[in-house]
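Before any comments, here is the structure.
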Amino acid sequence: MTIDRTAPSTDEDRQSWLPMVGLFFAQILMSFNVAALPVSLGGMVEDFGVALTVASTTIVVYGLAVAALVMVGAKLGQRVGWVLIFRFVVATFGCSALMMILAPSIGWAIAGQGVAGASAAIIVPSLVALIAENYRGAQQATAIGSLGSARAVSGLSAFFIGGALGTLVGWRPVFGIVLALAVVVFALSFTLRSDRGHAAIKIDLVAAALIGAGVVLLTLGFNNLNGWGIFFASPDAPFDLLGLSPAPLFILVGVVFGQAFFTWTRRRILRAKCPSSTSRYWEAHVSALPYMQCSLSWRSRLH
């Protein structure tokens, strides 16, 4: 996903801002959902009769799903087509909000945020890719900058609106707003310029599993160092290894998985295959010459 750095658009080739409105609301959709979770925890605890730590699992599951699947999501977008995959995951995000609204137990709420996180993992790279597809020059720069303001607007509004609704009505109507936003974004997605995916792009399941497991373990390890213990296991730790905390073990194993991912990627490149990573971010971790050879070989197959 590259950003066009050509000259600014002239008045003649300026595109309508209507597609960007849909992308703007897509950013608000994700940010509002994330900001609404903390203000909804008290209502979940009272409604489901569970401990606060159990209710907060909804936040953890969402973050882990995004972290583990965002790279695979970028690859899926390239293979299927950004508009089609974007429209699909916005619909699933709406389904996750419906799961939250109708959740009969905390398990449904946790599952709903798992679906939301998996959807957001594809929406995140889709936003940049679709902006690059629909806008050029100065319009493109303006569109990219607007995503930051969308995060700020949604964060503030979620705390105020979510807090008010949670106090006066309940936590479930907060996710009614998320559902309404998903419907708006889905409708506006039909204004986006259509694109085609590349069926020749392959998803390396081994690499996806390695980097996904590595990210999840590192996140769990670092986030729970204080709660589970830096060295010796605390009473809050889910288990212990001869009295030792599982948090540093998760970090160690996560680093091992990450290193295994880079080793696997380098080997594929040396064999003139497409990088197994799903983002150009990982180009910095491999040598330039083998990657150029791989890129030329891969592009020749597309044509």
Side-chain angles (χ1 to χ4, degrees), residues 1 26-27 29-31 33-35 37-38 53-80 82 85-86 88-93 95-97 99-100 106-129 151 201-225 227-228 238-239 246-265 268 274-285:
M1 294 179 292
Q27 180 64 64
L29 170 67
M30 294 185 295
S31 300
N33 180 80
V34 171
L37 284 173
T53 53
V54 177
S56 62
T57 305
T58 55
I59 302 176
V60 176
V61 167
Y62 178 91
L64 291 178
V66 174
L69 299 175
V70 66
M71 294 177 62
V72 177
K75 204 72 170 181
L76 280 173
Q78 295 173 6
R79 179 179 174 85
V80 177
W82 289 110
I85 197 71
F86 176 76
F88 175 78
V89 294
V90 167
T92 57
F93 207 111
C95 291
S96 74
M99 292 174 67
M100 297 294 291
I106 189 63
W108 279 87
I110 293 173
Q113 286 308 302
V115 174
S119 303
I122 301 179
I123 295 177
V124 169
S126 295
L127 294 179
V128 179
R151 286 191 291 269
I201 295 177
K202 305 298 182 183
I203 298 176
D204 188 343
L205 296 179
V206 174
L210 288 174
I211 195 61
V215 169
V216 168
L217 289 172
L218 286 171
T219 304
L220 285 174
F222 281 113
N223 285 349
N224 292 285
L225 272 176
W228 295 351
F239 62 91
L249 176 64
F250 281 6
I251 295 173
L252 177 61
V253 177
V255 170
V256 172
F257 277 129
Q259 184 59 45
F261 166 78
F262 290 121
T263 302
W264 176 267
T265 301
R268 285 177 59 85
C274 170
S276 57
S277 64
T278 54
S279 171
R280 297 288 180 167
Y281 169 83
W282 302 106
E283 292 177 19
H285 300 281

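All values below come from the heavy atoms of this structure, side chains included, with hydrogens, waters and symmetry mates left out.
With sequence neighbours left out, V34 forms a side chain to side chain contact (heavy atoms under 4.5 Å, CB included) with Y62. Residues passing the side chain to side chain contact (heavy atoms under 4.5 Å, CB included) test with A35, sequence neighbours excluded: A158, F159. Every residue was checked against the side chain to side chain contact (heavy atoms under 4.5 Å, CB included) condition with L252, not counting sequence neighbours, and none meets it. Listed by chain and residue number, nothing satisfies the side chain to side chain donor-acceptor pair (under 3.5 Å) test with S96 (two or more places apart in sequence, or in another chain). With sequence neighbours excluded, the residues satisfying side chain to side chain contact (heavy atoms under 4.5 Å, CB included) with L69 are A118, A121. Judged as a ring-ring contact (aromatic ring centres under 6.0 Å, His included), and not counting sequence neighbours, the contacts of F250 are W228.
Atom CD1 of I122 is separated from atom CD1 of I85 by 4.5 Å, given to the nearest 0.5 angstrom. From I110, atom CD1 reaches atom CE of M100 across 9.5 Å, with rounding to the nearest 0.5 Å. Note that OG1 of T58 is 5.0 Å distant from CG of L37, once rounded to the nearest 0.5 Å.
When all heavy atoms are compared, the tightest approach of W82 to A74 is CH2-O, 3.4 Å. Heavy-atom minimum distance, F93 versus A116: CE1-O, 3.5 Å. Residues T92 and V115 share a closest heavy-atom pair of O-CG1, 3.6 Å. Pairing each heavy atom of M99 with each of G112, the nearest pair is CE-N, 3.6 Å. The shortest heavy-atom contact between I106 and A55 is CD1-CA, 4.0 Å. The shortest non-hydrogen separation linking A26 to I123 is CB-CG2, 4.5 Å.
Within the 4.5 Å cutoff, the side chain of F86 has heavy atoms near those of the V90 side chain. The side-chain heavy atoms of N33 and L29, taken from C-beta on, include no pair separated by under 4.5 Å. By the 4.5 Å heavy-atom criterion applied to side chains, V124 and M30 are counted as neighbours.
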